[in-house]
Protein chains: 2
Amino acid sequence: MDEETDGIPLNRPAPRDVDAIDRKILGVLVDDATVSYAELGDRVGLSPPAAHERVKRLRRSGAIRGTAVIIDPKAVKKPLLAFVHIDTRGWGKTPELMAVSQYPEVEEIHTVAGDTCMLLKVRTEDTRALEGLLARLYETPGVTSTRSYVVLSTYLERPVQPGITEKWPTPKHMAEPLY
Amino acid sequence: MDEETDGIPLNRPAPRDVDAIDRKILGVLVDDATVSYAELGDRVGLSPPAAHERVKRLRRSGAIRGTAVIIDPKAVKKPLLAFVHIDTRGWGKTPELMAVSQYPEVEEIHTVAGDTCMLLKVRTEDTRALEGLLARLYETPGVTSTRSYVVLSTYLERPVQPGITEKWPTPKHMAEPLY
DNA sequence: GATTGCGACAGAATTTAATACGGCCATTAT
DNA sequence: ATAATGGCCGTATTAAATTCTGTCGCAATC
């Protein structure tokens with residue numbers, strides 16, 4: 001008896017948006033989600049149960065979508081990272097393309113605005129496995145061409161950060177935008 | 001008395017590589033790292049302490065680099081995702097570029113092989129914040145140009161998967177490669 | 001080929017943390 | 001003013017993490 005009763009959604013207590021303390025909590029948990037609520041409370045200035053309550057609310061509201069272990073790619077034999085741009089004939093042919101999401105080497109699929117249609121983030125064991133993936137892509141109906149960017153070095157790779165982004169002051173020589 | 005004694009590293013028991021059970025464990029924990037060792041053990045066919053021991057070993061060996069909450073980007077006011085390609089004058093100027101890793105909107109920094117030098121994954125509140133980031137990039141010495149791919153829709157985005165990638169059989173019409 | 005050492009596991013015991021509960025305070029709405 | 005609400009703290013209870021001990025199987029050794 002938590003989410004709903006008899007299928008009737010309980011009227012939630014107005015999903016208050018994340019405040020400064022929530023951001024601090026997220027900041028701690030994004031670095032290490034294994035900390036105890038006691039330590040989490042200490043770090044953000046709350047008692048353990050209060051910290052727990054906050055985290056529960058963040059989970060309920062969907063701000064925290066889940067908790068996952070971060071796997072070293074090399075440990076699971078996927079040392080090769082690449083970004084693949086895909087050009088397609090129209091947007092309609094995506095369903096077949098979505099089949100690639102079944103492959104464990106595909107980590108991200110986006111449609112983008114720019115000089116290409118789609119963008120994939122893939123991780124493979126070696127260049128040969130990447131070639132196999134590209135071969136499968138070319139077999140997919142609708143795919144006209146691909147461009148691959150093989151990662152040489154990764155200098156930063158981290159999950160979504162809770163840190164707020166400061167506003168950009170328009171330079172003096174530029175006119176203030178309407179929007 | 002776990003990692004080392006008096007600064008002398010203990011000779012570890014040969015970091016055995018991940019086996020099938022380890023992969024199943026990683027598969028469970030990458031979906032939900034909050035499961036108890038009791039349930040984890042059930043799912044992979046081990047007793048709770050045995051599962052615990054496995055996870056501890058995976059952590060020690062570095063296969064599990066950490067545990068993190070997955071934050072909904074919209075909840076922290078970062079609904080806009082973009083990939084930014086950066087062209088630089090030579091590779092030497094990267095140190096100044098690395099300063100962008102301080103910005104919370106930058107999630108990934110890679111050097112790549114292809115028609116560009118570097119690739120950034122960034123998440124901002126809106127197009128204006130992205131403009132601000134690009135402005136800072138252009139101020140960075142060594143940066144000659146950028147190309148941005150604004151994500152329209154994300155169809156898949158997940159952490160490193162433990163799933164093994166099957167080998168690609170060379171098509172009949174292709175010669176077998178030397179390597 | 002028997003033996004000894006080692007690594008992995010299961011079951012029980014213990015310690016620690018997660019979770020639930022009751023009361024207090026501040027803010028808000030009536 | 002006053003009642004209601006939401007958020008917090010301190011405590012109590014429950015559940016899980018962690019430790020300990022013994023057993024089993026495997027492999028290297030003699």
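Here is the naming used below: chain letters follow the sequence lines, and residue numbers restart at 1 for every chain.
Between the side chains of B/Arg59 and B/Thr67, at least one donor N or O lies within less than 3.5 Å of an accepting N or O.
In this structure, the separation between NE2 on A/His110 and CE on A/Met118 is 9.5 Å, given to the nearest 0.5 Å. Note that OH of A/Tyr37 is 9.5 Å distant from CD1 of A/Ile25, once rounded to the nearest 0.5 Å. Taking CG of A/Asp87 as the start and OG1 of A/Thr146 as the end, the distance is 8.5 Å to the nearest 0.5 Å.
Atom CG of B/Asp19 is separated from atom C1' of D/dC26 by 15 Å (rounded to the nearest Å). Going from atom OH of B/Tyr37 over to atom P of C/dA17 covers 13 Å, rounded to whole Å. To the nearest angstrom, C1' of D/dA16 lies 13 Å from CG of B/Leu40.
Listed by residue number, B/Leu46, B/Ser47, B/Pro49, B/Ala50 are the residues of residues 42-53 of chain B with a heavy-atom contact under 4.0 Å to DNA chain C.
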Next item on the list: Apply salt bridge (Lys or Arg N to Asp or Glu O under 4.0 Å) to the pair A/Glu125 and A/Lys74, showing each step before the final yes or no.
Entry: CA-CA 9 Å; A/Glu125 179 171 359; A/Lys74 288 192 287 296; over 6 Å; no
Check: salt bridge (Lys or Arg N to Asp or Glu O under 4.0 Å) between B/Asp31 and B/Arg158: does it pass, once the steps are laid out?
Finding: CA-CA 9 Å; B/Asp31 275 345; B/Arg158 59 185 179 188; over 6 Å; no
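A salt bridge links A/Asp22 to A/Arg57: one of the charged nitrogens lies within less than 4.0 Å of a carboxylate oxygen.
Side chains of A/Leu119 and B/Val151 form no contact here, defined as non-hydrogen atoms less than 4.5 Å apart.
Rounded to 10 degrees, the angle separating the terminal axes of the helix from C/dG1-D/dC30 to C/dT30-D/dA1 is 30°, with each axis obtained from five end pairs.
The side chain of B/Lys56 approaches D/dT19 more closely than any other nucleotide in the set D/dT19, D/dA17, C/dA18. With D/dC8, C/dC9, D/dT18 as the candidates, the nucleotide lying closest to the side chain of B/Arg54 is C/dC9.
At the phosphate of D/dG6, neither OP1 nor OP2 sits under 4.0 Å from any side-chain N or O atom of A/Arg57.
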